[in-house]
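Structure, as structure tokens:
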Amino acid sequence: MSLVQKISIFGATGSIGTSTLALIFANPSAYEVIAITAEKNVKELAKIALKTKAKYAVIADKSLHQTLQNLLQGAKTIALSGRDGLLEAAKIHVDIVVSAVVGLAGLEVTYAAIPYCKKLALANKESIVAAGEQILSLAHQHGTKILPVDSEHSAIFQVFEETNRAHLHKLILTASGGPFRQLPAAEFAHISVEKALKHPNWKMGAKITIDCATLANKGLELIEAALLFNVPADQIDVVVHPESIIHSLVAYQDGSTLAQLGMPDMRTAISYALSWPNRCATSVQPLNLADIRNLSFEAPDLERFPALRLARESLIRGQTQRIIFNTANEIAVDHFLNGTISFMGISKIIEQLLEKTSSKPLSTIEDIVDFDQQLRLKTKEMITQITF
Ligand code: NAD
Ligand code: MG
């Protein structure tokens with residue numbers, strides 16, 4: 001690889017996108033920004049384009065094309081829009097693609113970009129959950145290295161000894177437990193959107209913050225870990241660790257357990273993905289264990305947080321169920337955020353959709369995207385018929 005890394009960021013205006021850009025701005029001579037994308041936040045996208053001198057800026061919402069073009073007047077950045085624009089940007093040769101769109105909306109671009117990049121820094125876990133087999137196979141075919149950005153998977157990636165795979169005991173994913181870790185079951189019926197959006201340790205986009213509160217996020221991560229590291233469900237445990245200092249662990253059969261630790265700041269995991277196989281300095285606060293003093297752990301409560309149980313069951317049952325879990329969750333979270341359903345309604349919707357949908361042979365990305373679209377309609381219809 002050359003010294004200057006060509007980089008494209010899909011989902012540049014989001015939480016992961018912003019942290020990625022902060023790393024780039026801290027080390028500007030190391031990167032050349034090729035493409036940046038956003039869904040609707042056209043002003044922020046244009047601002048980033050002007051600051052990074054990106055070659056392409058893509059706004060997913062086609063109706064904002066002219067606005068983007070106006071905002072970029074006089075700059076060299078080319079404005080693109082819509083699905084075609086996103087796919088065009090994905091097909092530009094770069095060293096690194098950062099996949100940081102939220103939800104299954106990130107699948108097509110992530111998949112399209114694989115043949116055109118050397119490293120895929122993957123934050124968009126929903127793509128792996130739904131289409132892990134297809135993504136990994138394409139990456140293998142093109143020699144593209146997938147580098148996990150999710151902090152747990154980055155941690156595992158950093159301490160997993162591929163040569164000792166046969167002596168692996170377990171992968172252990174840590175979970176903060178979210179804002180309702182200690183909330184009594186009886187109070188779950190009254191959880192407000194505002195409270196659910198207050199994560200104790202991490203600052204993230206709205207969807208993943210709700211996923212952390214329901215533990216659906218840990219469920220998605222359990223599936224993500226199984227696929228990325230090719231480890232069966234019964235060899236992956238989840239432990240609640242409220243301080244979010246240990247980002248995950250790998251236990252070997254000789255009794256040794258290796259962990260990766262750090263302050264809860266996504267820049268560490270993103271930096272590792274961008275600079276792998278090397279490391280790079282960041283301004284992340286160094287870990288001071290004497291100040292932190294205590295690290296605590298407990299088992300997750302699957303009664304109050306059924307989404308984690310449903311994710312494990314989906315993982316065991318196969319790809320169709322994983323897609324149903326993911327899509328039902330995405331739609332349910334949207335409805336919770338706009339006040340149409342309750343907090344506990346989210347896992348009820350996932351459970352009902354899993355019960356009411358049968359398996360389907362899915363082989364291509366198109367099959368998966370079509371199936372996801374059908375599931376979206378089915379979930380929305382279900383929500384209008386039953387009170388959750
Ligand atoms: P976010 O909501 O802050 O940002 C999402 C980005 O995707 C934005 O740039 C938005 O414009 C774009 N986007 C949204 N919908 C789109 C669509 N339909 N088409 C095209 N672009 C679209 O989300 P985030 O918190 O940055 O999370 C991004 C991904 O990273 C998610 O998959 C999440 O699970 C994962 N992740 C996030 C964190 C974190 O700390 N935020 C940690 C680990 C993993
Ligand atoms: Mg995570």
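All values below were derived from every heavy atom in this structure, side-chain atoms included, with hydrogens, water molecules and symmetry-related copies excluded. Counting starts at 1 for both ligands and their atoms, following the listed order.
Ionic pairing of E313 and R309 is present here: one or more N-O contacts between side-chain nitrogen and carboxylate oxygen are shorter than 4.0 angstrom. Look at E32 and K53 and you find no salt bridge, because none of the NZ, NE, NH1 or NH2 atoms lies under 4.0 Å from a carboxylate O. Under 4.0 Å is where a charged nitrogen must lie from a carboxylate oxygen, and between E133 and R322 at least one such pair does.
Counting non-hydrogen atoms of neighbouring residues, nucleotides and ligands closer than 6.0 angstrom, the NE2 atom of H140 reaches no more than 12 such neighbours. For K55, the NZ atom is loosely surrounded, since the number of other residues' heavy atoms within 6.0 Å does not exceed 12. Heavy atoms of other residues, nucleotides or ligands lying less than 6.0 angstrom from CD of Q141 number more than 12.
Here the two rings, on H169 and Y252, have centers that are 6.0 Å apart or farther.
Listed by chain and number, the protein N, O or S atoms at a distance under 2.8 Å from the Mg ion (ligand 2) are D150 OD1, E152 OE1, E221 OE2.
The contact shell of ligand 1, taken as protein residues with any non-hydrogen atom closer than 4.0 angstrom, comprises G11, A12, T13, G14, S15, I16, A38, E39, A60, A100, V101, V102, A105, A123, N124, K125, E126, D150, M204, G205, I208, M266.
In the model, E243 has a side-chain atom that pairs as donor or acceptor with a side-chain atom of S296 under 3.5 Å.
In this pair, H153 and F229 present their aromatic rings parallel. The plane angle is below 30°, not in the 30 to 60° band.
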